[in-house]
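Note that the structure is a prediction, hence the values are computed from the model and not measured.
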Amino acid sequence: MKGKFRLSQLSFRQKLILTSIACLVIPALGMLYITNVYSKLIIREHSLEKATQSLRIVQSQIDVIFEEMVSVSNFVHFDPEIKNLLEEAKTNPVAARTLTSRLEQVAGETIDLRITLLDRKGHAYSDYSFYDYDPRQFLRQPWFQELEQLPPYDTLFMGAEANYLTSLQEEQPYVFLTARALREEATAPPYAYLIVSRSEASIRERFASLEEDVYLLDDKERILSNRSPALIGTSFNRLLPVDELAFPDIVKFKGENQLLLSLPLKYARWRLISVAPYEQLTEKLNGINRTGLLIQTIFAVSFLFALTVLLRRFTKPVLVLGKAARRVEDGDLAVRTGIRGADEIGSLGLSFDNMLDQVQQMLQQVETEQALKRQAEIAMLQAQINPHFLFNVLSSIRMKLLLKQDEENARILGSLSSMLRTSFTSREEFVSIASELDFTKQYMELMRFTMRYPTDYVIDADKELLLETVPRFILQPIIENAYKHGFLQGGGRIRIAIRRQQTTLTITVEDNGAGMEEPTLAALIRHLRQKDEEIEAIGAAGMPAAETSRRGIGLINVYQRLKLICGDRFEMEISSVRGHHTTVQLIMPVKRIGADKNDL
């Protein structure tokens with residue numbers, strides 16, 4: 001309660017300053033924390049990506065070395081010339097020499113690549129001197145017996161074997177070997193054995209330029225290659241005593257955090273393991289991160305100080321506005337703030353003063369509008385009186401005609417009076433089908449009286465549909481077109497049919513008049529679909545301007561009106577044959593009397 005009391009005693013300026021500082025400090029602290037956390041994650045991901053990329057490069061290089069050894073084995077295995085020389089060399093020294101030269105050619109320019117070929121009778125051929133090593137000693141190696149068990153065309157990989165060439169043992173103490181049993185068929189016994197070797201140094205030199213310490217391990221976790229030759233042949237598990245290795249992972253190794261990565265090789269189920277000093281990899285990025293956080297903190301503190309000073313200065317006019325508002329509340333409309341300036345508060349002071357200047361004008365304007373509204377209501381009453389006067393006069397004329405027994409003219413005058421009364425007095429947007437048909441009948445009676453040629457009409461509507469509602473005055477414009485354009489050269493008949501199918505109401509108006517040409521009908525339909533265009537656009541489509549003014553305006557008005565009311569649920573279909581007929585069909589949703597307009 002004490003804290004709330006103290007807060008309630010603060011002024012608006014103090015609340016604004018404290019709120020602004022809180023809105024700055026809280027998000028800033030949150031952003032600093034989130035930035036720090038995500039920066040560490042990003043640094044880790046970057047370090048992991050960098051170490052993975054380096055290890056992948058080494059992986060591809062070592063795969064190329066072993067791929068080359070396998071390619072040499074495949075070449076020797078499937079070269080018919082070497083196979084023929086191998087057979088001839090058993091009895092022909094020249095063939096033996098040629099075979100040795102051929103093996104030297106296969107080895108090519110790869111300095112540390114050595115090829116040994118042994119047949120089953122103990123004959124040996126190689127691209128190195130027998131003074132360095134007698135190739136037949138391979139027959140006594142423990143791994144040699146595995147060649148017989150290998151599947152056909154498979155290759156046996158051996159790593160970190162002692163260099164069998166005595167002249168190179170000091171410089172290159174270890175070699176990698178591949179051995180294969182050469183067979184003519186998959187089920188045939190081997191006719192020779194092929195051993196291909198490369199020095200371990202060719203792999204070790206791929207590790208020299210890396211920051212990470214890379215180990216090549218076999219499937220038994222034995223180290224086959226490393227930049228430290230003393231570790232070759234030892235177990236990696238003894239070097240890194242971890243219960244269960246997970247890759248990638250960060251572990252404590254040699255007193256430092258190390259990033260562990262592992263990638264498999266293409267051959268022999270061997271793999272590469274990278275041990276990267278995590279702090280060394282991330283030192284530069286961590287330094288950049290710490291510098292960024294320090295700069296953000298300095299800027300935040302500086303901004304807080306400047307914000308406090310500027311808020312006190314900028315909010316001073318608010319005090320003046322508050323005092324002026326209280327005086328206006330007391331009824332003093334003559335008070336003015338006098339605050340001016342190019343900023344928002346200056347505009348607020350000017351607007352406040354202008355508002356007070358306009359209050360009396362607004363009150364006077366309201367009084368004027370009320371007076372005009374009363375005048376409009378009086379004019380509306382007068383406008384209602386005039387049609388009543390007209391209806392009374394027409395009724396009097398009709399009565400005089402009936403007294404003179406002029407029933408035909410009296411009937412025509414009665415139709416005119418009823419039609420005018422419906423037009424003037426009805427304010428409903430929707431009327432029943434019965435009312436719309438009555439109005440249409442009166443119009444057709446009048447048109448039949450004024451037409452030169454005899455005309456007739458037929459109405460075909462189900463009685464249960466008479467209480468359904470439609471927008472008013474939708475039939476008269478269509479029928480007017482029929483009288484004006486279809487019956488100019490002769491009489492005819494208009495047929496109105498109204499049908500219902502489930503929730504759809506179909507109104508068909510058909511005349512047997514002059515009809516329309518196909519270009520005229522096509523232009524009319526096209527412009528009905530373009531209801532937002534000007535009606536004069538029909539002329540631009542190839543229809544003469546005079547024809548445009550005479551045809552289609554009523555249809556377009558009906559189409560646009562029903563489209564606005566019913567939306568996509570309304571359709572208008574027009575068909576016409578020159579000299580035979582014109583048919584207009586309106587398809588719209590059903591609406592019952594008393595239903596909401598929105599139900600359409």
Could you tell me which non-hydrogen atom of [X] sits nearest to which non-hydrogen atom of [Y], and how far apart they are?
| X | Y | answer |
| --- | --- | --- |
| E436 | F473 | OE1-N, 3.0 Å |
| T455 | G491 | CG2-CA, 4.4 Å |
| F570 | K563 | O-NZ, 3.2 Å |
| G492 | N512 | CA-OD1, 3.3 Å |
| L505 | V590 | N-CG2, 3.7 Å |

Under the side-chain hydrogen bond (donor to acceptor under 3.5 Å, both in side chains) test, residues paired with [X] that sit two or more places apart:
| X | value |
| --- | --- |
| D456 | R493 |
| Y457 | E445 |
| E573 | none |
| T508 | Q585 |

Are [X] and [Y] close enough that some pair of their side-chain heavy atoms sits under 4.5 Å apart?
| X | Y | answer |
| --- | --- | --- |
| L521 | I574 | yes |
| I498 | L437 | yes |
| F487 | D511 | yes |
| F439 | L475 | no |
| I459 | T440 | no |
| N557 | R561 | no |
| I478 | L586 | yes |
| T583 | S575 | yes |

E571 meets the salt bridge (Lys or Arg N to Asp or Glu O under 4.0 Å) criterion, sequence neighbours left out, with none
Mind checking salt bridge (Lys or Arg N to Asp or Glu O under 4.0 Å) for D568 and listing every partner two or more places apart, or none if nothing turns up? none
Are T582 and H485 close enough, and set up right, to give a side chain to side chain contact (heavy atoms under 4.5 Å, CB included), and what steps lead you there? CA-CA 10 Å; T582 298; H485 308 305; over 6 Å; no
Please round to the nearest 0.5 Å and tell me the distance separating atom [atom1] of [X] and atom [atom2] of [Y].
| X | Y | atom1 | atom2 | answer |
| --- | --- | --- | --- | --- |
| Q476 | M444 | CD | CE | 11.0 Å |
| E510 | R495 | CD | CZ | 6.5 Å |
| I507 | M588 | CD1 | CE | 4.5 Å |
| L467 | S435 | CG | OG | 9.5 Å |

Which is it for I479 and V509 under the side chain to side chain contact (heavy atoms under 4.5 Å, CB included) test, yes or no, and what are the steps along the way? CA-CA 8 Å; I479 295 172; V509 180; 4.2 Å; yes
Side chain to side chain contact (heavy atoms under 4.5 Å, CB included) with [X]: which residues, sequence neighbours excluded?
| X | result |
| --- | --- |
| V577 | H580, H581 |
| R499 | D460, D462 |
| S54 | L210, E212 |
| L263 | L55, R56, Q59 |

Donor-acceptor under 3.5 Å (R500 side chain, Q502 main chain): yes
